[in-house]
Number of protein chains: 2
Amino acid sequence: MTRATKTRKGRPKSELGPPANGNRTRIRARNEDNILDAALEVFADCGFKGATIDQIAARAGMSKPNLLYYFRRKRDLYLAVLERTLDMWLEPLSAIRADGDPAEEIRAYINRKLAFSKLRPTASRMFANEIIQGAPLLGTVLQDGLRGIVDEKAAVIRGWASAGKIADVDPYHLIFVIWAVTQHYADFASQVEAVVGSGLSDRKFFRETEAAIDHILLRGILPPER
Amino acid sequence: MTRATKTRKGRPKSELGPPANGNRTRIRARNEDNILDAALEVFADCGFKGATIDQIAARAGMSKPNLLYYFRRKRDLYLAVLERTLDMWLEPLSAIRADGDPAEEIRAYINRKLAFSKLRPTASRMFANEIIQGAPLLGTVLQDGLRGIVDEKAAVIRGWASAGKIADVDPYHLIFVIWAVTQHYADFASQVEAVVGSGLSDRKFFRETEAAIDHILLRGILPPER
DNA sequence: GTCTATAGAATGATAGAC
DNA sequence: GTCTATCATTCTATAGAC
């Protein structure tokens, strides 16, 4: 009775306005980009339910019905935004090379992930919002895409640990720690800003953050002379 | 024209139902607790805007108007929930002793914070939700209470570093790293669960997590023989 | 393709009986 | 203190003119 999953036809969802008779205009591409950019900001600031189509349309410089011409439903727009940035979110992990220098590969991974937090803090916050609430809309989409690549890279790191090239730490926890630390500076930027008055967009603060994280995760905080 | 900040009288907000003529019943205390417990769950799962009073009332086992008898506005309830758990959130940091053994104090702090993530994951997620969106409702309440204690403990940690008792790392970044890592296992539990199939409520996984975090943050991941 | 107008649903909050 | 009934608002989404 509840759970009325309405007309779910076999069509590729979350896509396109009316099936045009052959038009793939440049104006469409530009408007869709504008909408996705605007939606990212608003969803990150307000969450899915808190964001309104009016807000997003205003920020994209168009009317609400006009926006709904490109994305028929709010949920379609939400998922389109997440999917557009998913590759960027995964890329730093994918780039880990099994044949590189272990410590240097991990340091480079940390730095790539921190660079993502600097360049795309809004995308990071939107993902964080979705995951904190249990990924109710993204569902298994992210999770499925995630587990495979994480397992693969965890095996690589485990190999390094077995060979004594790095300390013997659980590779999954190492990955979680790196995610946690690097994303913290994007997701909780308002708190960081409130405490120290700076964020990653400040070049000096970014360098200090990178140095501190690299030091702590690679060398720990015990004094040099043990 | 926009921004119609309506009748904001000088009354102490976020409090109590009708100014009773002297009743401070036990039933009130019990109902308020039930409501706050239910609200915590729903706000953490859905965010402020996504949560509905109906949902919270149903989970608390009462009707919507009855809930609104105790908390006149949704926002009042939201802030009451956050305030009720704020002390618990800050306690692990407050407990750091300047006269203890530095490395052991920091390890104990990490473990207290991780224990909080295990015992109160929902409260952690609700705070995370609020902060990710820029703390629009909590405003300066949390930030003011936070900065003082953080500055104080950062000075303690800096003293340890200057004395060579721990490595020379920026104390603020060390605190941020500890927050990030320990809270990750509560806030992003759905992601952790999706990747490794466990969470902090699993005793074995909790011990492994604690060991891995302690190792990485205290000793780093470079191999023992440098 | 873009707009105005509006339908239809959900929800925060109140009134008033009991 | 608790309930039913309801108002008023906000919002998603659609219809249809241009």
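For clarity, every value in this text was computed on a predicted model and none was experimentally measured. A, B, ... follow the sequence lines: proteins, then strands. Residue 1 opens every chain.
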Q: Would you mind reading off the distance between B/K64 atom NZ and C/dG12 atom P, rounded to a whole angstrom?
A: 6 Å

Q: Quickly work out the A/Q55 CD to D/dT12 C1' distance and round it to whole Å.
A: 14 Å

Q | Gap between atoms CG and P, on B/L67 and C/dA13 respectively (whole Å) | A | 11 Å

Q: Would you mind reporting whether B/L217 and A/L217 have side-chain heavy atoms less than 4.5 Å apart?
A: yes

(Q) Need one value for B/A57: base, sugar-phosphate or nothing, where a base atom within 4.0 Å counts as base even if backbone is also close, heavy atoms only. (A) nothing

Q) Between C/dG1 and A/N66, is there an OP1 or OP2 to side-chain N/O distance shorter than 4.0 Å? A) no

Q | Between C/dG12 (P) and B/D54 (CG): distance, integer Å | A | 7 Å

Q. CZ of A/F71 versus P of D/dT12: gap in Å, rounded?
A. 16 Å

Q: Determine yes or no for a side-chain-to-main-chain donor-acceptor pair under 3.5 angstrom, with B/K153 supplying the side chain and B/I96 the backbone.
A: yes

Q) How long is the line joining CG of B/L77 and P of C/dA13, in whole Å? A) 10 Å

Q: Kindly say whether B/F205 contributes a backbone atom to a donor-acceptor pair with the side chain of B/S198 at under 3.5 angstrom?
A: no

Q. Which of these nucleotides, C/dT4, C/dT11, D/dT12, is closest to any side-chain atom of A/P65?
A. C/dT4

Q. Considering residues, nucleotides and ligands other than B/R120, do more than 12 of their heavy atoms fall under 6.0 Å from its CZ?
A. no

Q: Taking only the side-chain nitrogens and oxygens of A/R73, find out if one of them lies under 4.0 Å from OP1 or OP2 of D/dT12.
A: no

Q) Do the side-chain N or O atoms of A/T25 get closer than 4.0 angstrom to the phosphate oxygens (OP1, OP2) of C/dG1? A) yes

Q: Just compare C/dT14, D/dC3, C/dG12 and give me whichever is closest to any side-chain atom of B/S63.
A: D/dC3

Q.
Tell me whether the rings of B/F48 and B/F43 are parallel (<30°), tilted (30 to 60°) or perpendicular (>60°).
A. parallel

Q. When you check the phosphate oxygens OP1 and OP2 of D/dA13, does a side-chain N or O of A/R72 lie under 4.0 Å from one of them?
A. no

(Q) Rounding to an integer number of Å, can you tell me how far A/F48 CZ sits from D/dC11 C1'? (A) 12 Å

Q: Ignoring backbone atoms, test whether B/Y70 places a side-chain nitrogen or oxygen under 4.0 Å from the OP1 or OP2 oxygen of D/dT2.
A: yes

Q) Hey, does the side chain of B/Y69 come within less than 4.0 Å of D/dG1's phosphate (OP1/OP2), counting only N and O? A) yes

Q: Starting from the 5' end of DNA chain D, give me the residue, B/G61 or A/K74, whose nearest nucleotide shows up first.
A: B/G61

Q. In whole Å, what is the span from the CE atom of B/M62 to the P atom of D/dT2?
A. 6 Å

Q. Touch check for A/L68, heavy atoms < 4.0 angstrom, all strands: base, sugar-phosphate only, or nothing?
A. base

Q: With the side chain of A/K49 defined as its heavy atoms from C-beta on, choose the nearest nucleotide among D/dG1, C/dT11, D/dA15.
A: C/dT11

Q) So which nucleotide from D/dT12, D/dG1, C/dT2 ends up closest to the side chain of A/I27? A) C/dT2

Q | salt_bridge(A/D151, A/R158) N-O dist < 4.0 Å | A | no

